[in-house]
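Just the heavy atoms: all of them, side chains too, but no hydrogens, waters or symmetry mates, feed the values below. Throughout, a chain's letter reflects where its sequence line sits, starting with A, and its residues are numbered from 1. Computed from a predicted structure; not experimentally measured.
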Amino acid sequence: KAGLAVTGAALAGTAQAVPPPPWMTRPGAPLSNYGQPSPHERAVIRWIAANADAPGNGISWTPLERLEGIVTPSGLHFERHHNGVPQIDPAVHRLAVHGRVGKALSFGIDDLLRYPMTSRLCFIECGGNSNAGWHQEPMQAPAGNIHGLASCSEWTGVPLATVLAECGLQPNAQWLIAEGADAAAMNVSIPLDKALDDALLALYQNGERLRPENGYPLRLVLPGWEGVTNVKWLHRLQLADQPAMARNETAKYTELLPSGQARQFSFVMEAKSLITRPSAGQALPGPGLHPISGLAWSGRGAIRRVEVSTDGGKTWQDAALDSPVLPKCFTRFRLSWRWDGSPAILKSRATDETGYVQPERQILVAERGRHGYFHYNAIVSWAVAADGSVSHVHA
Amino acid sequence: KAGLAVTGAALAGTAQAVPPPPWMTRPGAPLSNYGQPSPHERAVIRWIAANADAPGNGISWTPLERLEGIVTPSGLHFERHHNGVPQIDPAVHRLAVHGRVGKALSFGIDDLLRYPMTSRLCFIECGGNSNAGWHQEPMQAPAGNIHGLASCSEWTGVPLATVLAECGLQPNAQWLIAEGADAAAMNVSIPLDKALDDALLALYQNGERLRPENGYPLRLVLPGWEGVTNVKWLHRLQLADQPAMARNETAKYTELLPSGQARQFSFVMEAKSLITRPSAGQALPGPGLHPISGLAWSGRGAIRRVEVSTDGGKTWQDAALDSPVLPKCFTRFRLSWRWDGSPAILKSRATDETGYVQPERQILVAERGRHGYFHYNAIVSWAVAADGSVSHVHA
Amino acid sequence: APEGPRLGQPLEAAAISALDITVFPDGTGLPPGQGTAVEGKAVYDAKCAACHGPNGSGGSAEELAGGRNPLTSAEPDKTIGTYWPYASTVFDFIRRAMPLDAPRSLGNDEVYAVTAYLLHANGIIGEHDRLDAATLPKIRMPNAAGFVWVYPERQPR
Amino acid sequence: APEGPRLGQPLEAAAISALDITVFPDGTGLPPGQGTAVEGKAVYDAKCAACHGPNGSGGSAEELAGGRNPLTSAEPDKTIGTYWPYASTVFDFIRRAMPLDAPRSLGNDEVYAVTAYLLHANGIIGEHDRLDAATLPKIRMPNAAGFVWVYPERQPR
Ligand code: HEC
Ligand code: HEC
Ligand SMILES: [Ca+2]
Ligand SMILES: [Ca+2]
Ligand SMILES: [Ca+2]
Ligand SMILES: [Ca+2]
Ligand SMILES: [Ca+2]
Ligand SMILES: [Ca+2]
Ligand SMILES: [Co+2]
Ligand SMILES: [Co+2]
């Protein structure tokens with residue numbers, strides 16, 4: 001204890017020489033009704049790529065390489081809109097359920113808020129995420145601008161099965177055509193088995209009501225299924241004996257194979273992972289210990305294992321998985337890496353609970369060709385140069 | 001299929017009579033770099049109670065009764081500031097570790113960002129949360145304005161143990177005095193065992209960097225321990241052989257007992273639960289099926305069980321717990337209740353993994369008296385009147 | 001699934017009809033009305049060409065015709081003529097979503113006509129072929145057999 | 001705990017001293033300087049009374065003196081005189097956080113003086129008693145024995 005006292009008192013005179021920072025000498029800002037990020041973080045945004053003639057037609061990416069953990073803040077959840085974000089009045093909006101049902105019914109948002117709900121953390125990934133992976137040249141862009149059409153939230157809503165049971169199903173009701181109330185009347189066809197399994201009529205995202213760009217006031221959430229099937233601004237569910245063969249399940253969101261045939265109704269987002277740190281465009285300041293951190297997910301269930309290679313795939317080590325590891329949810333993996341300063345290639349490889357292993361790029365490309373556009377889930381490779389700079393490679 | 005066709009075609013003429021809503025006939029809003037809640041949800045805010053002479057001295061409550069799931073959106077995380085929110089430049093801010101250490105060291109935020117991290121979902125609850133419960137009269141206010149000094153986020157940061165190991169500890173380093181860089185230089189004393197157990201130097205909250213009002217750029221997170229110990233704007237850690245006996249661990253955040261003695265260094269937030277829906281100020285539109293939904297948490301570990309009573313505590317039923325059920329984390333419980341329209345009293349009772357059972361109010365008050373102010377965790381009772389209106393009662 | 005409070009309100013046939021804009025490949029959902037490519041050219045030039053270019057290609061928006069590269073080539077064209085499996089989808093999509101700056105502004109005859117125009121521009125029908133609820137579902141698209149079901153068990157028989 | 005990259009930079013004694021404002025009950029951390037209640041009244045009236053009221057009570061901010069109701073009464077007063085266990089805390093808190101509108105603006109002599117003023121206002125020391133690093137830790141507060149440790153195993157012996 002003497003030590004402390006001597007240090008403290010003996011040097012008190014010189015202490016005045018280093019004044020406290022201004023934020024310790026003036027009262028801070030008032031409390032606020034709804035908080036916002038620090039102005040120092042204003043570079044952490046969704047990067048927008050929209051149609052110049054139609055600013056509501058485009059995408060914006062979650063900046064995965066600047067985020068941590070598994071929850072995506074709602075303000076940074078990726079966007080894909082076909083004709084903008086509708087500004088819906090929830091008092092007017094209704095959900096119609098009709099077609100091959102016992103009784104066609106319509107529900108107000110206030111009605112649905114009185115139904116039993118459930119919450120779950122799960123990812124939503126656009127079928128077109130990572131499509132730069134099909135290019136011959138590895139795209140040099142931040143990880144989020146390549147793979148950031150994927151985000152993870154806690155969604156709360158009414159099980160779709162509850163509402164379908166209320167309407168009653170005709171024996172040949174095998175498909176559900178879900179339609180949004182946006183200016184694209186975005187619609188897709190969903191097999192009844194998924195609708196009755198874990199589909200949610202989501203009303204809340206990360207605790208609060210849905211954000212407008214994520215479907216306010218009502219979104220269909222199909223855990224693990226490609227983004228386009230998670231219909232936003234949901235206003236109509238039509239039971240049918242066949243799919244609608246809508247534009248977004250024929251002309252788009254189908255994967256052209258080298259044979260000229262195209263895969264249709266692919267639905268499930270297969271297991272995938274990527275290292276978010278370090279990743280393309282970042283720089284290691286020098287040799288030494290560096291944390292490797294990344295995300296893994298699978299539309300088929302829980303991630304069982306993530307392996308990391310720092311030698312371009314020659315050897316692999318198991319990464320640690322942060323708790324919780326939930327089905328159809330982002331899983332954060334971590335590994336401490338001691339970099340010796342020589343060039344290295346970093347990869348991660350996810351295995352899900354079904355035993356499915358994320359493929360190497362050349363395997364995926366050999367199987368699917370380079371014009372499938374959707375459902376790219378190959379292993380991602382980042383090259384660390386001797387100067388510490390990190391770039392995207394196909395290795 | 002004939003049915004559908006007839007319905008669709010035969011009535012097409014009249015269909016024009018009901019035009020689509022305006023948001024289906026005009027392009028929607030453009031994509032955005034950082035999203036915000038719908039303007040229709042502008043009533044969902046933190047309710048502020050601040051010192052009229054000092055707008056940064058006060059609290060703001062998370063509106064628990066308007067939220068769902070377990071994640072609190074960062075913009076609605078409760079606030080408790082002693083002298084406002086400092087506007088800290090992260091390039092200048094440093095963490096000093098000194099006192100009974102092998103080597104006193106200082107860390108920049110950029111340094112800490114290069115350390116191995118871990119993420120976890122956990123609640124933070126102010127020691128003064130629910131203090132209206134000590135009042136003789138049950139306060140008539142929304143659940144969040146009584147119990148909303150508790151929020152739950154995914155925090156990511158560097159284990160404090162990693163940084164302490166780097167400094168080295170002298171044998172008599174038994175306490176850690178943590179200090180914030182705000183205008184209150186808010187400080188508390190923390191026993192070393194907790195610091196080495198699960199304490200985090202948190203840099204991220206719900207995926208993105210901390211919000212200013214939650215400690216940007218650095219917060220000490222002590223899972224399960226009372227809010228004041230989770231020091232925000234952390235800039236100094238002083239190892240010592242004794243606690244500082246700071247104002248906020250003597251004059252405040254101690255619980256005066258009927259004996260005139262006061263409990264000190266109570267730290268752990270004991271198991272607690274409340275029904276958020278229906279809750280005081282809400283109204284059931286009529287008899288029938290109503291979902292009961294609420295939150296439970298414990299500073300000692302995971303919630304093992306939540307029971308709900310709809311008859312004032314005479315009989316209890318087990319509520320369902322939404323996944324995930326994580327230690328020291330909000331847990332969402334649910335029960336469907338068929339209300340017959342007669343007056344009813346709703347209660348919830350949490351049991352944690354240690355077997356600790358949330359006490360009835362009269363037990364807690366008998367033990368602690370009515371002037372402890374802090375650590376109120378008794379069972380909450382909501383009375384449903386015959387007209388469906390819900391009020392707060394002590395029952 | 002948990003039981004709900006059963007708050008759904010009955011939907012009348014008229015309300016359903018107003019809402020229901022799905023057109024299935026077999027023609028289910030097609031409204032009364034008709035049009036030809038010749039009539040559709042006027043609609044297209046006035047309301048579509050600004051974005052999609054003259055004759056369906058060369059605009060800022062998706063290419064709607066003129067695709068020449070086969071699906072097995074190095075730069076395959078995925079246009080209505082080369083890729084789309086059903087004519088119903090063209091009608092359905094235009095009616096629900098186009099023109100982008102004024103969706104739902106076309107009358108049924110205009111949708112039939114501009115659909116006919118695009119099918120003609122893709123070499124699928126003649127310029128005077130009349131498109132209506134009876135003829136449209138009979139059109140066989142060039143790439144009708146071009147799709148394989150990833151989950152064949154879900155394919156209706 | 002996982003190993004870190006060891007990026008900590010050594011902190012010099014002078015830097016620590018500038019940062020370290022903790023005052024422990026045993027006086028560790030008290031700076032040079034001194035003051036009496038008589039001197040402190042001037043500081044208090046000029047810089048504190050606006051919020052805390054004349055003589056430490058009746059203002060918009062916390063009551064600092066004048067507490068009469070014992071801790072076992074129906075409306076107990078938790079003031080410096082009735083509740084606070086250590087005099088060091090008064091000095092420490094005022095130096096770090098007060099006055100609320102200008103924290104860290106007082107010199108050490110001012111902090112000693114206004115601390116003496118508040119201790120005197122609570123009947124703990126005389127108005128001419130000199131407060132400094134030697135005398136302050138010797139003050140025994142009325143409620144020094146008023147606290148029980150919830151986790152006695154953590155109490156330093
Ligand atoms: C203001 C610009 C604009 C106008 C006007 C416009 N379109 Fe489009 N169109 C687009 C855009 C952009 C898309 C892509 C929409 C998306 O991303 O979902 C598109 C898509 C389409 C498609 C689907 C193409 C494909 O390959 O998937 C068709 C068919 C189409 N438009 C037809 C029309 C017709 C017919 C008209 C006029 C009646 C029209 N468009 C007017 C911008 C426009
Ligand atoms: C602008 C208003 C304001 C001024 C000026 C001010 N105070 Fe305070 N003081 C407060 C507030 C508000 C609090 C409660 C702070 C909190 O909530 O942490 C407080 C708390 C205190 C406390 C702790 C009281 C307790 O019971 O915990 C002390 C001691 C104190 N002030 C002393 C002083 C002294 C000495 C001065 C002048 C040198 C001063 N104050 C000037 C507003 C003020
Ligand atoms: Ca900066
Ligand atoms: Ca409204
Ligand atoms: Ca119709
Ligand atoms: Ca082409
Ligand atoms: Ca000092
Ligand atoms: Ca009093
Ligand atoms: Co797909
Ligand atoms: Co406490």
Side-chain angles (χ1 to χ4, degrees), chain A residues 51-54 57 82-83 96-99 103-108 111 114-116 158-167 174-175 177 179 183-187 191 193 196 235-236 238 240-247 250-251 254 256-267 371, chain C residues 1-13 15-16 19-26 28-29 50-51 59-62 70-76 78-80 83-86 88-90 92-97 100-104 143 145-151 154-156:
Chain A
N51 187 322
D53 296 334
N57 176 246
H82 293 264
N83 202 4
V97 187
H98 69 98
K103 206 162 40 160
L105 295 175
S106 152
F107 302 83
D111 297 330
R114 289 170 53 195
Y115 275 63
V158 180
L160 177 52
T162 295
V163 164
L164 292 181
E166 179 171 341
C167 299
Q174 289 306 322
W175 290 78
I177 293 127
E179 184 179 274
M186 231 293 303
N187 66 332
D193 60 302
L196 296 178
H235 84 135
R236 190 164 74 87
Q238 176 176 13
D241 63 346
Q242 55 180 321
M245 296 297 176
R247 178 255 192 174
T250 53
T254 48
L256 182 59
L257 296 168
S259 65
Q261 293 265 299
R263 288 160 46 93
Q264 194 180 15
F265 295 121
S266 34
F267 297 135
H371 302 291
Chain C
E3 203 199 325
R6 301 192 165 265
L7 303 173
Q9 288 170 18
L11 262 178
E12 301 304 322
I16 295 170
L19 280 168
D20 179 6
I21 53 169
T22 311
V23 178
F24 290 85
D26 63 6
T28 302
C51 294
S60 66
E62 290 356 47
L71 297 176
T72 47
S73 65
E75 295 296 336
K78 297 186 194 171
T79 51
I80 291 171
Y83 198 62
W84 292 39
Y86 304 103
S88 58
T89 311
V90 185
D92 176 278
F93 185 72
I94 295 170
R95 180 168 64 160
R96 72 175 57 242
L100 195 82
D101 50 358
R104 309 294 286 274
N143 195 40
F147 291 82
V148 290
W149 285 60
V150 173
Y151 302 98
R154 288 195 171 112
Q155 188 160 12

Which bit of Val90(C) comes within less than 4.5 Å of chain A, counting heavy atoms only: side chain, backbone, both or neither? neither
Evaluate the ring planes of Trp149(C) and Trp175(A), with Trp represented by its six-membered ring, and classify them as parallel (under 30°), tilted (30 to 60°) or perpendicular (over 60°). perpendicular
Ignoring hydrogens and geometry beyond distance, is a side-chain donor-acceptor pair present between Ser106(A) and Gln9(C) at under 3.5 Å? no
So which of Asn57(A), Ile177(A), Asp193(A), Leu160(A) has the biggest tally of heavy-atom pairs under 4.5 Å with chain C? Asp193(A)
With no hydrogens and no angle check, do the side chains of Thr254(A) and Tyr83(C) hold a donor and an acceptor under 3.5 Å apart? yes
Side chain, backbone, both or neither: which part of Asp53(A) has a non-hydrogen atom closer than 4.5 Å to chain C? side chain
Under 4.5 Å from any heavy atom of chain A - which part of Ala145(C): backbone
Identify which of Cys167(A), Ala244(A), Ala161(A) forms the greatest number of heavy-atom pairs closer than 4.5 Å to chain C. Ala244(A)
Does the Glu3(C) side chain pair with the main chain of Pro116(A), one donor and one acceptor, at a distance under 3.5 Å? no
Quick check for you: among Ala1(C), Pro156(C), Gly146(C), which has the greatest number of heavy-atom pairs under 4.5 Å with chain A? Gly146(C)
If I compare all heavy atoms of Tyr151(C) with all of Phe267(A), which pair ends up nearest, and what's the gap? CD1-CD1, 4.1 Å
Is Tyr86(C) in contact with chain A via its backbone, its side chain, both, or neither, using a 4.5 Å heavy-atom distance? side chain
Answer with side chain, backbone, both or neither: which region of His235(A) has an atom nearer than 4.5 Å to a non-hydrogen atom of chain C? side chain
Top contributor to chain C interface from Ser259(A), Ala185(A), Ala52(A), Ala165(A) [non-hydrogen pairs under 4.5 Å]: Ala185(A)
Between Gln155(C), Glu62(C), Glu12(C), which residue shows the highest count of heavy-atom pairs closer than 4.5 Å to chain A? Glu62(C)
Relative to chain C, which segment of Arg236(A) carries a heavy atom at a distance below 4.5 Å: side chain, backbone, both, or neither? side chain
